[in-house]
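Each ligand, and each atom within it, is numbered from 1 in the order the structure gives. Small disclaimer: the values here were computed from a predicted structure and weren't measured.
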Amino acid sequence: MLVISDLAQPGISLARPLSFVPTMGALHQGHAALISRALELSDSVVVSDFVNPLQFNDEADLAKYPRTPEKDIEVAAAAGATQMWFPRLAEIFPQDEEIERITPGPVGELYEGASRKGHFSGVLTIVNRLFSLLEPTWALFGEKDFQQLFLVRQMVAAHNLPISIIGVPTVRDLDGLALSSRNVRLSPQDRASALVISRALIAAAAQSDCENMVEVLRSTLATKPGFVLDYAVIIDEDTFAPAVPSTARKRGLVAGWVNGVRLLDNMPMSVAAI
Ligand code: PAF
């Protein structure tokens, strides 16, 4: 695997078509699953590793974000990536060029967007910038950040970008916790509290109507005092509007904190789909 710090470096020529896995580093098996899926699409798989300052609205959260570049190289290489790209700040934000700022639209103001002002504008601005530098044929995103995946798809459609966006199902630990770079900050006791999230989503998915799904989701989450709820909702996957009985593809979304660590998860709300 080739490690690149600047795409314009002399001698860099990327085999095309290529698949792209954008990350903020702290790679885990969820990222490895994205890389494996990318390898089914193309022989050339570029992983970017860039902690995007634009998507943090809290300086402390940005400072605490785990940075593990050596381990990231190992995980990406073991998963079969062909190039690992560590963009420099100057490549992303050149002094002589104003990069295009993306506004996410109304869905970007909901849920994660409501709790983290400017978050999705920051995400989409950087994803668009990475896309314009790399021009991938496919880009892969985890379903764990389901709203991000929705908004990236929306941006690609609105801007007519010739890129196929591929969503990859969430990878979980054996105990059910969705893999996340933030999990390293959980103590064993925190982790025990965090497990209420997947438990609540599974319990909700076993219900047959939306009202019961919401009720069971929230009441199960309330059983763990160590978990502080931000939102727990059932949405229509295709529009992000609240689900109604006739919604074909319902999804439960949960976000909250355990001991100050923000955790997100989601699941399709049909027992057969889990
Ligand atoms: O999901 C992430 O890791 C980030 O939001 C992304 C897509 C790499 C943009 O910084």
Side-chain angles (χ1 to χ4, degrees), residues 4 7 18-35 37-38 45-58 61-69 71-73 75-76 79 81 83-89 91-93 99-104 107-108 111-113 115-134 136 138-156 159 161 163-171 178-185 253 255 261-266:
I4 311 170
L7 289 180
L18 68 80
S19 312
F20 177 38
V21 178
T23 82
M24 295 208 299
L27 298 196
H28 49 64
Q29 289 312 303
H31 297 106
L34 295 176
I35 297 168
R37 177 75 183 94
V45 174
V46 178
V47 177
S48 65
D49 190 328
F50 179 72
V51 180
N52 169 24
L54 299 184
Q55 69 190 77
F56 290 82
N57 59 348
D58 174 357
D61 197 24
L62 172 60
K64 277 189 276 181
Y65 200 81
R67 287 167 173 84
T68 57
K71 185 180 160 230
D72 295 347
I73 291 172
V75 174
Q83 281 90 12
M84 180 112 191
W85 174 30
F86 289 90
R88 290 173 302 106
L89 268 178
E91 188 177 16
I92 301 295
F93 305 110
I99 70 165
E100 187 182 359
R101 300 276 162 171
I102 309 288
T103 311
V107 172
Y111 311 125
E112 281 311 285
S115 293
R116 302 164 77 190
K117 291 283 170 221
H119 172 68
F120 285 121
S121 165
V123 169
L124 296 182
T125 296
I126 243 51
V127 168
N128 185 53
R129 175 73 181 148
L130 295 169
F131 283 176
S132 71
L133 290 168
L134 195 63
W138 299 274
L140 295 95
F141 293 82
E143 284 187 354
K144 167 144 180 311
D145 293 303
F146 201 74
Q147 195 175 359
Q148 167 174 285
L149 173 61
F150 180 95
L151 290 168
V152 169
R153 285 203 163 111
Q154 212 174 49
M155 173 183 80
V156 163
H159 289 67
L161 300 180
I163 302 173
S164 299
I165 302 302
I166 313 290
V168 176
T170 303
V171 179
L179 296 193
S180 160
S181 304
R182 293 172 195 266
N183 292 356
V184 293
R185 289 168 52 203
L253 307 180
V261 180
R262 187 170 177 81
L263 298 171
L264 308 185
D265 200 354
N266 67 82

>> What protein heavy atom lies closest to atom 5 (O) of ligand 1? Include the residue and the distance to one decimal.
In response: Q148 OE1, 2.7 Å
> Short list, please: which atoms of ligand 1 are under 4.0 Å from a heavy atom of I126?
Replying inline: 9 (C), 10 (O)
> Which of the atoms of ligand 1 are close to M24, meaning less than 4.0 Å from one of its heavy atoms?
Replying inline: 3 (O), 4 (C), 8 (C), 10 (O)
> Would you call the rings of F56 and Y65 parallel, tilted or perpendicular, where under 30° means parallel and over 60° means perpendicular?
Replying inline: perpendicular
>> Students should be able to answer this: which protein heavy-atom is nearest to atom 9 (C) of ligand 1, and at what distance?
In response: Q55 OE1, 3.3 Å
> Would F50 and F86 count as a close aromatic pair, with their ring centres under 6.0 Å?
Replying inline: no
> With a 4.0 Å cut-off, would you call D61 and R182 a salt bridge?
Replying inline: yes
> Is ligand 1 under 4.0 Å from a heavy atom in the side chain of T23, in the backbone, in both, or in neither?
Replying inline: backbone
> Does the side-chain hydrogen bond (donor to acceptor under 3.5 Å, both in side chains) test come out yes or no for N128 and E100, once each step is laid out?
Replying inline: CA-CA 8 Å; N128 185 53; E100 187 182 359; 3.3 Å; yes
>> Could you check whether E112 pairs with R262 (Lys NZ or Arg NE/NH1/NH2 to Asp/Glu carboxylate O, under 4.0 Å)?
In response: yes
